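Bear in mind the structure is a predicted one, so any value in this text is a computation, not a measurement. We number each residue from 1, following the sequence as shown.
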Amino acid sequence: MVGSNKWQLFGQRRIYLIAVVLVFVFAMGRGLIASGQNSPTRSPSDVVREFYKAMREHRFKDAWSMTIYKPAVEALTAQEMEELRVDFEEKAAKIPEQVEIMGEQISANTATVFVKVPVTESTPQITSEPVTLVNSAGVWIIGSEADQAEVKKKGRRFFLDALIDEHQSDIEDLLKRLVAVEAVYAQQHNGAFGDLPALIKAGLMSDEVGDPKVMGYTFRITISKDGKSYVSTAEPARYGHTGKLSFWMDQTGNIKKEDNGGKPIK
């Protein structure tokens, strides 16, 4: 790549002074990359490599600052970053330890870097995933111009609103699945439904469902005295930050959702 071409150039010229200067410049370039700063001389492939490296090392602000999402993270408070950390860590966990670049294409102020996708059961053959970059003021950043305009418009609310939408969607999907889960539990327990601890103990739900830090919601299942009916509710762990809608559902599968200021729906 770029580094190996420079070393070949040094060997061909064999001019000590030029070699010293180029080594110095190259070392400065590596220092900028290591510190997460976006050097104008960095190629699209360099930016993609460092983005993945920063994500794997959980340097999330450094990582997102190399993308069009920089305006969405630079104004976030420490608490807001902490709220987003679980989601960021989940994304980082999917990145392989070694990211291999298969090539890049540059056209005017846009570029595409092709990243090798590791072989898995679902992808038994070697494939590549395109990563789009745009040149902004002489610096390559990950993303497209169209998305960049939307991010600038929303600013610090971009990730926060996306997280709210994701949490609310997850809760609604959970409630829809709950009807089938409770039906299975009832078949195994003489027609009686189970509360959340019982469902987790039976292996029908994961522990994460009961963790507001993971779900962004406080999720409950209240069983009637005879065990033949239940009501499930979910409210944002932090209203306006992890969610806005409150949810309610009974054993019929009828879901109610509304912005109730973070309070339960009765």
Side-chain angles (χ1 to χ4, degrees), residues 58 60 69 72-73 75-94 150-151 154-266:
H58 291 185
F60 298 123
Y69 302 107
V73 296
L76 290 172
T77 66
Q79 185 173 7
E80 289 169 341
M81 275 298 296
E82 193 60 31
E83 290 169 351
L84 291 164
R85 180 169 295 277
V86 173
D87 185 58
F88 290 164
E89 288 178 348
E90 183 179 340
K91 290 178 172 59
K94 298 176 182 178
E150 181 66 17
V151 174
K154 290 190 174 182
R156 59 180 287 277
R157 289 300 316 178
F158 182 85
F159 278 125
L160 298 174
D161 289 344
L163 184 64
I164 287 174
D165 290 341
E166 183 175 345
H167 284 165
Q168 291 177 167
S169 178
D170 288 346
I171 289 296
E172 189 160 3
D173 289 343
L174 174 62
L175 290 172
K176 292 175 180 178
R177 294 196 306 270
L178 181 62
V179 176
V181 169
E182 286 285 11
V184 171
Y185 184 89
Q187 289 177 354
Q188 300 171 352
H189 295 81
N190 299 318
F193 295 118
D195 58 13
L196 184 56
L199 296 179
I200 293 174
K201 184 177 180 180
L204 296 173
M205 281 195 170
S206 69
D207 294 339
E208 292 183 345
V209 174
D211 187 349
K213 290 183 179 179
V214 176
M215 300 297 294
Y217 269 77
T218 301
F219 181 71
R220 306 180 189 85
I221 303 174
T222 304
I223 308 298
S224 64
K225 291 183 179 180
D226 62 5
K228 304 300 181 182
S229 63
Y230 66 87
V231 169
S232 179
T233 60
E235 300 83 45
R238 285 192 69 213
Y239 175 75
H241 292 263
T242 62
K244 290 184 178 180
L245 298 178
S246 295
F247 293 84
W248 181 99
M249 188 188 78
D250 62 11
Q251 72 280 354
T252 67
N254 178 35
I255 298 176
K256 298 178 183 178
K257 55 182 179 180
E258 63 181 64
D259 187 338
N260 199 27
K263 298 178 181 179
I265 297 176
K266 298 180 180 180

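Atom NZ of K201 is separated from atom CG of D207 by 13.0 Å, given to the nearest 0.5 angstrom. To the nearest 0.5 Å, the span separating CD1 on I171 from CD on E235 amounts to 9.5 Å. Between the CD1 atom in I265 and the NZ atom in K257 there is a gap of 10.5 Å [rounded to 0.5 Å]. Between the CE atom of M205 and the CG atom of L174 there is a distance of 4.5 Å, given to the nearest 0.5 Å. Annotation: the span from Y185 atom OH to I221 atom CD1 amounts to 10.5 Å, rounded to 0.5 Å.
The aromatic ring centres of H241 and Y239 sit 6.0 Å or more apart.
No donor-acceptor distance shorter than 3.5 angstrom exists from the side chain of E182 to the backbone of Q251, with no hydrogens or angles considered. Under the 3.5 Å distance criterion, the side-chain polar atoms of H167 are left unmatched by any main-chain donor or acceptor of G243. Within the 3.5 Å criterion, the main-chain N or O of E172 finds no donor-acceptor partner in the side chain of D170. Counting only distance, with no hydrogens or angles, the side chain of S232 and the backbone of M249 share no donor-acceptor pair below 3.5 Å. Looking only at distances, no side-chain donor or acceptor of S246 sits under 3.5 Å from a matching main-chain atom of N260. A side-chain donor-acceptor contact under 3.5 Å links S224 to the backbone of S229.
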Would you sort out whether D195 and Y230 count as a side chain to side chain donor-acceptor pair (under 3.5 Å), showing the intermediate values? CA-CA 8 Å; D195 58 13; Y230 66 87; over 6 Å; no
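Applying the side chain to side chain donor-acceptor pair (under 3.5 Å) test to D165 and every residue at least two apart in sequence or in another chain returns nothing.
Around atom CD of E208, no more than 12 heavy atoms belonging to other residues, nucleotides or ligands sit under 6.0 Å away.
Note: F88 and F159 have perpendicular aromatic rings, judged against thresholds of 30 and 60 degrees for the angle between ring planes.
By the 4.0 Å N-to-carboxylate-O rule, R177 lies too far from D173 to be salt-bridged with it.
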